[in-house]
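Notes follow once the structure below has been shown.
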Protein chains: 2
Amino acid sequence: MSITREKIIEIGEELVLTKGYNGFSYQDISTVLGIKNAAVHYYFPSKENLGTSIIKTNAQRFEEMVDNMESLNFDEWNQLESFMKLYLKSNRESKICLLGSLGTDVNTLSDPIHQELTKMVDRIISWMETLLQNGMKKGLFQFTLPARDQALRILALLIAGLQLARILNKSDFKTIYQSILEEITPKPQS
Amino acid sequence: MSITREKIIEIGEELVLTKGYNGFSYQDISTVLGIKNAAVHYYFPSKENLGTSIIKTNAQRFEEMVDNMESLNFDEWNQLESFMKLYLKSNRESKICLLGSLGTDVNTLSDPIHQELTKMVDRIISWMETLLQNGMKKGLFQFTLPARDQALRILALLIAGLQLARILNKSDFKTIYQSILEEITPKPQS
DNA sequence: TTGATTTTACTTATTAGTAAGTACATTTAC
DNA sequence: GTAAATGTACTTACTAATAAGTAAAATCAA
């Protein structure tokens, strides 16, 4: 596969995470790569193509990470923490989450992008639901809500945590991050 | 004050909440109002003026609501619930939170808008912090985190709850909404 | 009739997108 | 083994649409 194509997706993703889907243009990408705007259209005829490719690439990266953690026999706690650490990295880089970024612009996205986005969120939620469920059985987690609801809460805290941290202060994300871990840490019996 | 001016702000806010700051144009506003693009520029010479006015109007509405609740002697529980009900309404109307919307586009906003946004988030967080603190003293709330951290969590859950609900399903917001109330409801002593 | 409001008629810049052509490497035909 | 054809990765040079923004004239309302 083409290296230029990969770089376009990479830069496109970075721009979605920093400026939002409607906040960047093909020119922004071509300028960074030192090529012409038309060269970007050569790989991605329309912005819709680029948008879906960005989401698909992201979703694929997620699946690879999950597969990798499974094959390394990560327990549920470590899997969740690894996932959450992706957000710590985003916070350091002043980026937000792809889901939160596109969640803002969802009404301006064409159907194919919208569907890809929904698919990815569904996938992450159900992955986390299973993870929480299994982890609780093992006593690694403790919570009272249905596992899917707990997953929704964790994802929401991560997504808006990054957004709030970019408005306020990076340290505010760390606060939220810590609180998530505390929320599901098993409490000693009294 | 001009009725047209007020309508422009109202429609502008609606557009920010549905399509994002970079997803709408003056043309979108003027078309709805049946006036010309230039008439919008008469009231708001630049989009920056409009953006700051939208935030200021929103912040003012918040202050009025707080004042009103105080004068009606709402207890802390009812004040928090009233605030949260604003988000229930947004969810019904498939709108997201102003803070979440602008949080995505923050890097593309000019300084005055950015500052207004930061001011508003600071204000809401510190209002909720005080509310939680006082409510806990009265036994209306129960939580273990520092009040500001708890406020950050609640705001984050509300903001991303709306975003996720727009991608997934409206009912997912209600789930998160309920979980917030449960999170701070005093537990009976054992 | 004065000032507030709005339209007309622009400008300039940027957007996504396209059509035609170029350079160069690879394959195919003889 | 060489020449012709083909494919890849672009550039050049556009278009059509839309963006924000402006100046000046027209309209309206007190």
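In the text below, chain A, chain B and the rest are named by the order of the sequence lines, each starting its count at 1. What's counted below: heavy atoms across the whole structure, side chains too, no hydrogens, waters or symmetry copies.
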Any side-chain donor paired with an acceptor under 3.5 Å for B:Ser46 and B:Asn49? yes
Please determine if [X] and [Y] form a salt bridge, counting it only when a charged side-chain N lies under 4.0 Å from a carboxylate O.
X: A:Glu64; Y: A:Arg61; value: no
X: B:Glu10; Y: B:Lys7; value: no
X: A:Arg123; Y: A:Glu63; value: yes

Ring-plane angle category for B:Phe62 and B:Trp127, please: parallel below 30°, perpendicular beyond 60°, tilted otherwise. perpendicular
Quickly work out the [X] [atom1] to [N] [atom2] distance and round it to whole Å.
X: A:Tyr26; N: D:dT18; atom1: OH; atom2: P; value: 18 Å
X: B:Asn22; N: D:dA20; atom1: CG; atom2: C1'; value: 13 Å
X: A:Asn49; N: C:dA16; atom1: CG; atom2: C1'; value: 12 Å
X: A:Leu15; N: C:dA16; atom1: CG; atom2: C1'; value: 16 Å
X: A:Ile29; N: C:dT14; atom1: CD1; atom2: P; value: 17 Å
X: A:His41; N: C:dG21; atom1: NE2; atom2: P; value: 20 Å
X: A:Tyr21; N: C:dT15; atom1: OH; atom2: C1'; value: 13 Å
X: B:Asp28; N: D:dT18; atom1: CG; atom2: P; value: 11 Å

Would you mind classifying the nucleic acid contact of A:Phe44 as base, sugar-phosphate or nothing, using non-hydrogen atoms under 4.0 angstrom? nothing
Contact string for nucleotides 3-8 of chain C, one letter per nucleotide 5' to 3', B = base within protein heavy-atom range under 4.0 Å, S = sugar-phosphate only, - = neither, reads -SBBBB
Under 4.0 Å between a side-chain N or O of B:Ser25 and OP1 or OP2 of D:dT18? no
Backbone N or O of A:Ser94 within a donor-acceptor pair of the A:Arg166 side chain at under 3.5 Å? yes
